[in-house]
Amino acid sequence: MPELQPARGTQDLLPETMRRHRRVSDTAREQARLYGFAEIATPVFEFTEVFARPIGEHTDIVAKEMYTFNDRGGEEITLRPENTAGVVRAVLSNGLTQSTPLKFFYSGPMFRYERPQKGRFRQFHQIGVELLGVAQPQADIEVIALGHRILQALGIGNRVTLDINTLGDPESRARYRGALVDYYTQHRAELSEDSQRRLDSNPLRILDSKDPGDIGINGSAPAFGLYLNEPSREFFARVKDGLGLLGIECRENPRLVRGLDYYTHTVFEFVTTDLGAQGTVLAGGRYDGLVEVMGGPAMPGVGWAAGIERLAMLIGEPPALARPIALVPLGEAAERAALKLGEALRDAGLVVELTYSGNLQRRMRRADRIGARAAVLIGDNELAQNAATLRDLDSGAQELVPLGDLPARLKALAG
RNA sequence: GCGGGUGUAGCUCAGGUGGUUAGAGCGCCAGAUUGUGGAUCUGGAUGUCGUGGGUUCAAGUCCCAUCACUCGCCCCA
């Protein structure tokens, strides 16, 4: 074990970072609540099949990025690489399919065995929503609107753009995929090494290639529009219309292809150019076949997930913390009185920190360091009068205040 | 998994072509100020030079390996 380092791709969330994470997840949770999404939590690990089948055996996530191991009972377990499959499993396990629509919000850690990079970790955190049981495009529109609203609320609406595309229904997608395979197979030798591999694993991905040679070949690749059947075309048009109605700007990107097998119809990504190679900040789509693939009834679904780390890096400073009141006792009797006074002040809702050791000067310096709004000094003089010296640390003014008046006085200061 | 860059104090970084006890700023600690913080002044402590090998009379400095971070590819949030 390499000494005292965290395992590769993991990190400690120290208070400053944690506050940013909390700002992201709290904001998302609150906005999701306004749409009727209820928070749930599913296990951090599941039986491997829960992820392997729905995500797709040949996807990178399943083929090389899952933390999979056998537990002591011999079960094959996987740390969740994403949460949609877990949520669907929970829906099926708990018999929730009777009471659609289902609207869930979640927040928690995910795990992928990848080479770490800026905005990419082996343990990372996602917030996400899933809306199950609604086949209408209104579901797509609301889910995207919720993502949009969260980004706005976080103050980064102007740093991201929304890309949107459709993969059509399974029939359209299969026909298009067939056409692409035919086309690229004819040009197999000219394709980049990566794209030759993609041709076998996920041909739609070739459309998204950054290789200059591939881009040339893509120029005359068949367009999805020709293979979309009428219902799929109509569905996508209604999604776009709804977004327009809500004033949500988006860019139709026919090259937007999502990696997971379960997507159908709408796919979308909010992307930024401020995070290097990791541009995607919130992404998702519709997954109408997933529930059935996992052994449930035919049930449509749409959702998205967002990377908390990535969002936390984009947002500004979180709001300042409430400034504490510092208790500064001097002497044995005062220490005891301060302990009790602290509880009384906290009963009044004040943030109170004790200065634990040292002489007056040291304790006052400590009070200053923690950004205290005021210091409450208690020594023998004060005790004798059942009062305390209240010092305003911003103005430097101080006066003797009866203990009974302290909560009100401090609340006035803190407010 | 592939390719490039970086690794010296808690933090940000100096340390030409190898040469004695490895430096600065910030921060930290102590004092000036034994019932009063911030500012100032004075003094102090920082460290397996990422780790392990190698070359050399001598390695923070050169070589190899390894680990971590970082940028890009792949993929993705």
Side-chain angles (χ1 to χ4, degrees), chain A residues 1-11 14 24 28 55-56 58-65 80-84 107-128 147 160 192-195 197-198 201-202 205 208-211 257-260 269-272 275-284 303-314 326 328-331 334 355 358-382 388-398 400:
Chain A
M1 182 192 295
E3 319 89 56
L4 295 175
Q5 285 178 336
R8 183 173 217 189
T10 67
Q11 57 179 342
L14 299 179
V24 170
I55 293 173
H58 59 266
T59 61
D60 273 26
I61 288 183
V62 172
K64 58 181 205 188
E65 294 177 359
R80 61 184 186 191
E82 57 94 44
N83 207 22
T84 300
S107 171
M110 308 293 160
F111 306 84
R112 290 182 202 171
Y113 189 84
E114 292 186 277
R115 182 90 174 255
Q117 240 178 84
K118 181 178 189 179
R120 168 188 297 180
F121 310 91
R122 288 184 173 180
Q123 177 180 338
F124 60 105
H125 300 80
Q126 287 187 333
I127 47 175
V160 299
S192 68
E193 207 175 307
D194 280 330
S195 285
R197 186 178 48 73
R198 291 183 181 112
S201 62
N202 189 350
R205 268 281 170 214
D208 205 21
S209 176
K210 292 170 190 163
D211 181 89
V257 174
R258 313 234 61 242
L260 282 43
E269 291 185 349
F270 286 88
V271 297
T272 179
L275 289 179
Q278 277 62 243
T280 305
V281 118
L282 183 156
W304 52 252
I308 295 181
E309 281 83 357
R310 292 183 185 178
L311 291 173
M313 285 190 277
L314 290 176
V328 182
L330 292 167
T355 55
N359 58 22
L360 179 58
Q361 181 184 345
R362 171 184 284 303
R363 286 170 191 254
M364 287 300 289
R365 192 184 307 160
R366 171 72 188 158
D368 188 60
R369 294 266 165 81
I370 61 177
R373 178 66 184 84
V376 174
L377 286 72
I378 313 174
D380 292 339
N381 299 343
E382 287 84 356
T389 297
L390 168 57
R391 181 175 176 87
D392 182 325
L393 290 178
D394 287 350
S395 70
Q398 65 181 50
L400 195 66

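Chain letters run A, B, ... following the sequence lines, proteins first, then strands; residues in each count from 1.
Rounded to the nearest Å, the gap between the P atom of B:C75 and that of B:U12 is 34 Å. Straight-line distance between the C1' atoms of B:C69 and B:U8: roughly 15 Å, to the nearest whole Å. For the P atoms, the distance from B:G50 to B:C13 is 15 Å, rounded to whole Å. When the P atom is compared between B:G47 and B:C57, the two are found 33 Å apart, to the nearest whole Å. Distance noted for atom P between B:A59 and B:G18: 13 Å (whole Å). The separation of B:C28 from B:G38, taken at their P atoms, amounts to 11 Å, rounded to a whole angstrom. Rounded to a whole angstrom, the distance from the C1' atom of B:A58 to that of B:G19 is 7 Å. Comparing the C1' positions of B:G1 and B:U55 gives a spacing of 34 Å, expressed to the nearest Å.
Contact annotation for A:Gly284: no contact, since no heavy-atom pair falls under 4.0 Å across all strands. Residue A:Phe270 is out of contact with every strand shown, counting any heavy-atom pair closer than 4.0 Å. Residue A:Ala367 is out of contact with every strand shown, counting any heavy-atom pair closer than 4.0 Å. A:Gly119 comes within 4.0 angstrom of a base, heavy atoms only.
A:Asp380 CG: 12 or fewer foreign heavy atoms inside a 6.0 Å radius.
In this structure a side-chain-to-backbone donor-acceptor pair under 3.5 Å is missing from A:Arg112 to A:Glu65. A donor-acceptor pair is defined here as one N or O able to donate and one able to accept, closer than 3.5 Å; no such pair exists between the side chain of A:Glu269 and the backbone of A:Leu282. Remark: the backbone N or O of A:Gln398 is not paired with any side-chain donor or acceptor of A:Arg391 at under 3.5 angstrom. Judged by distance alone, the side chain of A:Thr10 and the main-chain N or O of A:Ala7 form a donor-acceptor pair under 3.5 Å. A donor-acceptor pair under 3.5 Å is absent between the side-chain atoms of A:Arg115 and the main chain of A:Gly9, judged by distance alone. Looking only at distances, no side-chain donor or acceptor of A:Arg80 sits under 3.5 Å from a matching main-chain atom of A:Met110.
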Does the salt bridge (Lys or Arg N to Asp or Glu O under 4.0 Å) test come out yes or no for A:Arg198 and A:Asp208, once each step is laid out?
-> CA-CA 11 Å; A:Arg198 291 183 181 112; A:Asp208 205 21; over 6 Å; no

Start with the C-alpha gap between A:Asp368 and A:Arg365, add the side-chain angles, then the distance that decides, and say whether salt bridge (Lys or Arg N to Asp or Glu O under 4.0 Å) holds.
-> CA-CA 5 Å; A:Asp368 188 60; A:Arg365 192 184 307 160; over 6 Å; no

Could you pull out the protein-nucleic contacts involving nucleotides 1-3 of chain B (nitrogen or oxygen on both sides, under 3.5 Å)?
{"unit_1": "B:C2", "atom_1": "N4", "unit_2": "A:Arg115", "atom_2": "NH1", "d": "2.6"}
{"unit_1": "B:G3", "atom_1": "O6", "unit_2": "A:Arg115", "atom_2": "NH2", "d": "3.3"}

Under 3.5 Å, which protein N or O atoms sit close to an N or O of nucleotides 31-38 of chain B? Give each pair with its distance.
{"unit_1": "B:U33", "atom_1": "O2'", "unit_2": "A:Gln361", "atom_2": "OE1", "d": "3.1"}
{"unit_1": "B:G35", "atom_1": "O6", "unit_2": "A:Asn381", "atom_2": "N", "d": "3.2"}
{"unit_1": "B:G35", "atom_1": "O6", "unit_2": "A:Asn381", "atom_2": "OD1", "d": "3.4"}
{"unit_1": "B:G35", "atom_1": "O6", "unit_2": "A:Asn381", "atom_2": "ND2", "d": "2.8"}
{"unit_1": "B:G35", "atom_1": "N1", "unit_2": "A:Glu382", "atom_2": "OE1", "d": "2.9"}
{"unit_1": "B:G35", "atom_1": "N1", "unit_2": "A:Glu382", "atom_2": "OE2", "d": "3.1"}
{"unit_1": "B:G35", "atom_1": "N2", "unit_2": "A:Glu382", "atom_2": "OE2", "d": "2.4"}
{"unit_1": "B:U36", "atom_1": "O2", "unit_2": "A:Arg391", "atom_2": "NE", "d": "3.4"}
{"unit_1": "B:U36", "atom_1": "N3", "unit_2": "A:Gln398", "atom_2": "OE1", "d": "3.0"}
{"unit_1": "B:U36", "atom_1": "N3", "unit_2": "A:Gln398", "atom_2": "NE2", "d": "3.2"}
{"unit_1": "B:U36", "atom_1": "O4", "unit_2": "A:Gln398", "atom_2": "NE2", "d": "2.5"}
{"unit_1": "B:G37", "atom_1": "O2'", "unit_2": "A:Asp368", "atom_2": "OD2", "d": "3.4"}
{"unit_1": "B:G37", "atom_1": "N7", "unit_2": "A:Arg391", "atom_2": "NE", "d": "3.4"}
{"unit_1": "B:G37", "atom_1": "N7", "unit_2": "A:Arg391", "atom_2": "NH2", "d": "2.9"}
{"unit_1": "B:G37", "atom_1": "O6", "unit_2": "A:Arg391", "atom_2": "NE", "d": "3.4"}
{"unit_1": "B:G37", "atom_1": "O6", "unit_2": "A:Arg391", "atom_2": "NH2", "d": "2.9"}
{"unit_1": "B:G37", "atom_1": "N1", "unit_2": "A:Leu393", "atom_2": "O", "d": "2.5"}
{"unit_1": "B:G37", "atom_1": "N2", "unit_2": "A:Asp368", "atom_2": "OD1", "d": "2.9"}
{"unit_1": "B:G37", "atom_1": "N2", "unit_2": "A:Leu393", "atom_2": "O", "d": "2.7"}
{"unit_1": "B:G37", "atom_1": "N3", "unit_2": "A:Asp368", "atom_2": "OD1", "d": "3.2"}
{"unit_1": "B:G38", "atom_1": "O4'", "unit_2": "A:Asp368", "atom_2": "OD2", "d": "3.1"}
{"unit_1": "B:G38", "atom_1": "N2", "unit_2": "A:Leu393", "atom_2": "O", "d": "3.1"}

Report each atom pair, protein N/O against N/O of nucleotides 9-11 of chain B, whose distance is under 3.5 angstrom.
none

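Searching all strands for a Watson-Crick or G-U wobble partner of B:C73 with both distances below 3.5 Å returns B:G1. In a base pair of the Watson-Crick type (N1 to N3 plus N6-O4 or O6-N4) or a G-U wobble (N1-O2 and O6-N3), with each distance short of 3.5 Å, B:G44 is matched with B:C28. Base pairing analysis places B:C13 opposite B:G23; the two distances defining the Watson-Crick or G-U wobble pair are each below 3.5 Å. Figure legend. B:U6 is base-paired to B:A68; pairs are counted as Watson-Crick or G-U wobble with both atom distances under 3.5 Å. Remark: B:C62 base-pairs with B:G54. Criterion, Watson-Crick or G-U wobble with two distances under 3.5 Å.
Residue A:Gln11 contributes atom CD, which lies 9 Å from atom P of B:U70 at whole-angstrom precision.
Between A:Arg8 and B:C69 there is a side-chain polar atom (N or O) within less than 4.0 angstrom of OP1 or OP2.
Side-chain proximity of A:Thr280 to B:A68, B:A77, B:C75: nearest is B:A77.
A cation-pi arrangement is found for A:Arg122 relative to A:Tyr113, the charged atom lying closer than 6.0 Å to the ring centre and inside a 45° cone about the ring normal.
Each of A:Thr10 and A:Arg197 was matched to the nucleotide of RNA chain B holding its nearest heavy atom; the match closer to the 5' end belongs to A:Thr10. When each of A:Ala305 and A:Asp194 is assigned the nucleotide of RNA chain B with its nearest heavy atom, A:Asp194 is the one assigned upstream, toward the 5' end.
Between A:Gln126 atom CD and A:Ile308 atom CD1 the span is 8.5 Å, to the nearest 0.5 Å.
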